[in-house]
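To start, the structure under review is shown below, and the notes come after it.
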Number of protein chains: 2
Amino acid sequence: MHINSLLDPAQWQMPNGGPLYVQLRRYIEKAILEGILPAASALPAEREIAALTGLSRVTVRKAVKRLVTEGLIVQRRGSGSFVASKVQKVEQSLSRLTSFTEDMARRGMTVSSTWLERGLFMPSPQEVVTLGLRAGDSVARIARLRCANEQPMAIERASLATHFLPNPLRVESSLYAILEESGNRPVRAIQRISATNIQEADANILGVEPDVAGLRIERTSYLPSGRVVEFTQSLYRGDAYDFVAELQISG
Amino acid sequence: MHINSLLDPAQWQMPNGGPLYVQLRRYIEKAILEGILPAASALPAEREIAALTGLSRVTVRKAVKRLVTEGLIVQRRGSGSFVASKVQKVEQSLSRLTSFTEDMARRGMTVSSTWLERGLFMPSPQEVVTLGLRAGDSVARIARLRCANEQPMAIERASLATHFLPNPLRVESSLYAILEESGNRPVRAIQRISATNIQEADANILGVEPDVAGLRIERTSYLPSGRVVEFTQSLYRGDAYDFVAELQISG
DNA sequence: TAGTGGTCTAGACCACTAT
DNA sequence: TAGTGGTCTAGACCACTAT
């Protein structure tokens, strides 16, 4: 069916069917999910949708807005609106302690990282407590954007005592590989997982819309001795990751 | 400071400071986070904010919209807009297999549930595969809204073979307690965790705004024999839950 | 330069709440 | 009945893209 007749109000508008922007949104959503509007295809311009549907442009934008937040549509100013292509989901175990680099390599995916921060800093109170730092100690921080197959997946912000990572610039890809060299690879970790709407700054880094759902993971890793090695805060795209955990009966 | 002078454009508007709705949103957000606008206090009506700030009502609504999505502000039609009170976060272990009822009781919280669905149904293809049903078998479904201290926390949709739950109406509070009676309490489970923007229907049930971030958990539970007992899909409010997992070194 | 999405206005009517 | 948020319009100007 031609896109113009697709948007004819008779196709989607029902009296007493609720707000017009909701009806239009659901109709477009359905068309995308059913493949009538294939990935990467262009939507008509907002002004044209308005003309075809008989709605104002404001209402059209309101209809499209949530589909953009959900990641079904990508809007590019000056260029147009396009049906987004689906992101491949990745699974990660929640019971084995693995490194991102090794984990992706095992799947045959190409890993790349962009450095957001790397160096020695004055520790925050939380870092002092969690890493067990002493007064005057500085802290090593490495923050990076993690990509798999060129696709941004997560922001990872790790903090370590300088004892374990005197020179943060030495970390090129795998932090755990570096820690292994000095016999300080952690063997145990506590992870705290929650869901959060990704805020503007991080959304820009991850290339998603603000308010998209993301997984926030705080990880504290330990040596066999019980000493804390690293404290990492990560933010994963909700549409790109599945975490898998195996549970045992409660004691 | 009086609310009216608080909203004076001179207080928050900067030339070249970006879109007006973003500037106003950040300003109101800051006022809430700093406690200048305490929980449960009423914001001025949208028309009044528009008059005080010199903006149109549309722009004021746009500024407030995201704060509503983030759960900082609650809007009630016909009544007004109010600063939301913070939700108490709850932790749940990802390594021990516990029941919601028992878990909350251990914390001294009052558990209540509202039934969304309870009975025998024709199974979906996914239920047939996951639960290992035979042709013609029906499936027992119990779906409920879980609350702790009157606060909606999660939607839980469980499916079981009728062999394990011949009469779903018998489940009053704890499903696991019922399963225990017949010696069918699961001892192991696989959970799959991801983040998602909570859609309209579920958002209404949970009493949150559409698009708020939530944790989606799919759990398949097993008997010691390896047979699947239940398959549960849960949706937790992102602002109400922290899941905690302990990881061991990868093999 | 033509076309696109991003922002913003002034005004209208509706459904709902509180009284 | 007065006040509130929810929806919707017609129009304007801007920043950016593609050519």
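Numbers restart at 1 for each chain; the letters A, B, ... are given by sequence-line order, proteins then strands. Side chains are part of it too, since the values below use all heavy atoms of this structure and drop only hydrogens, waters and symmetry mates.
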Pull out every residue in residues 69-81 of chain B that has a heavy atom closer than 4.0 Å to any atom of DNA chain D, ordered by number, or say none. Q75(B), R76(B), R77(B), G78(B), S79(B), G80(B), S81(B)
Can you run down the salt bridge (Lys or Arg N to Asp or Glu O under 4.0 Å) pairs that involve residues 109-127 of chain A, sequence neighbours left out, and say none if there aren't any? E127(A)-R141(A)
Sequence neighbours excluded and cut-off under 3.5 Å, please list the side-chain donor-acceptor pairs for residues 209-218 of chain A, or say none.
unit_1	atom_1	unit_2	atom_2	d
D211(A)	OD2	R66(B)	NE	3.3

With sequence neighbours excluded, residues passing salt bridge (Lys or Arg N to Asp or Glu O under 4.0 Å) with R77(A): none
By side chain to side chain donor-acceptor pair (under 3.5 Å), which residues pair with T69(A), not counting sequence neighbours? none
The criterion is side chain to side chain donor-acceptor pair (under 3.5 Å); which residues satisfy it with Q151(B), sequence neighbours excluded? R237(B)
Identify, between R57(B) and G54(A), the residue whose nearest nucleotide on DNA chain D lies closer to the 5' end. R57(B)
Got a list of side-chain donor-acceptor pairs under 3.5 Å for residues 35-53 of chain A, not counting sequence neighbours?
unit_1	atom_1	unit_2	atom_2	d
S41(A)	OG	P38(A)	O	2.6
E46(A)	OE1	R57(A)	NE	2.9
E46(A)	OE1	R57(A)	NH2	3.0
E46(A)	OE1	R61(A)	NH1	3.3
E46(A)	OE2	R61(A)	NH1	2.9
E46(A)	OE2	Q75(A)	NE2	3.1
T53(A)	OG1	I49(A)	O	2.7
T53(A)	OG1	A50(A)	O	3.4
T53(A)	OG1	L55(A)	N	3.3

Restricting to side chain to side chain donor-acceptor pair (under 3.5 Å), what partner residues turn up for T196(B), sequence neighbours left out? none
Pair pattern of DNA chain C in dot-bracket, where unpaired bases get dots and | marks partners in another strand, Watson-Crick or G-U under 3.5 angstrom: ||||||||||||||||||.
For chain A and DNA chain D, what are the first and last nucleotides along the strand, 5' to 3', with at least one atom under 4.0 angstrom from a heavy atom of the protein chain? dT7(D) to dA18(D)
Counting C-beta onward and ignoring hydrogens, is there a side-chain heavy-atom pair between W115(B) and I142(B) closer than 4.5 Å? yes
Partners meeting side chain to side chain donor-acceptor pair (under 3.5 Å) with S234(A) (sequence neighbours left out): none
When all nucleic acid strands are considered with a 4.0 Å heavy-atom cut-off, which category describes G18(A): base, sugar-phosphate, or nothing? nothing
Tell me every residue that passes salt bridge (Lys or Arg N to Asp or Glu O under 4.0 Å) with R76(B), counting only those two or more places apart in sequence or in another chain. none
Nearest-nucleotide comparison on DNA chain C, the residue closer to the 5′ end among T59(B) and R47(B): T59(B)
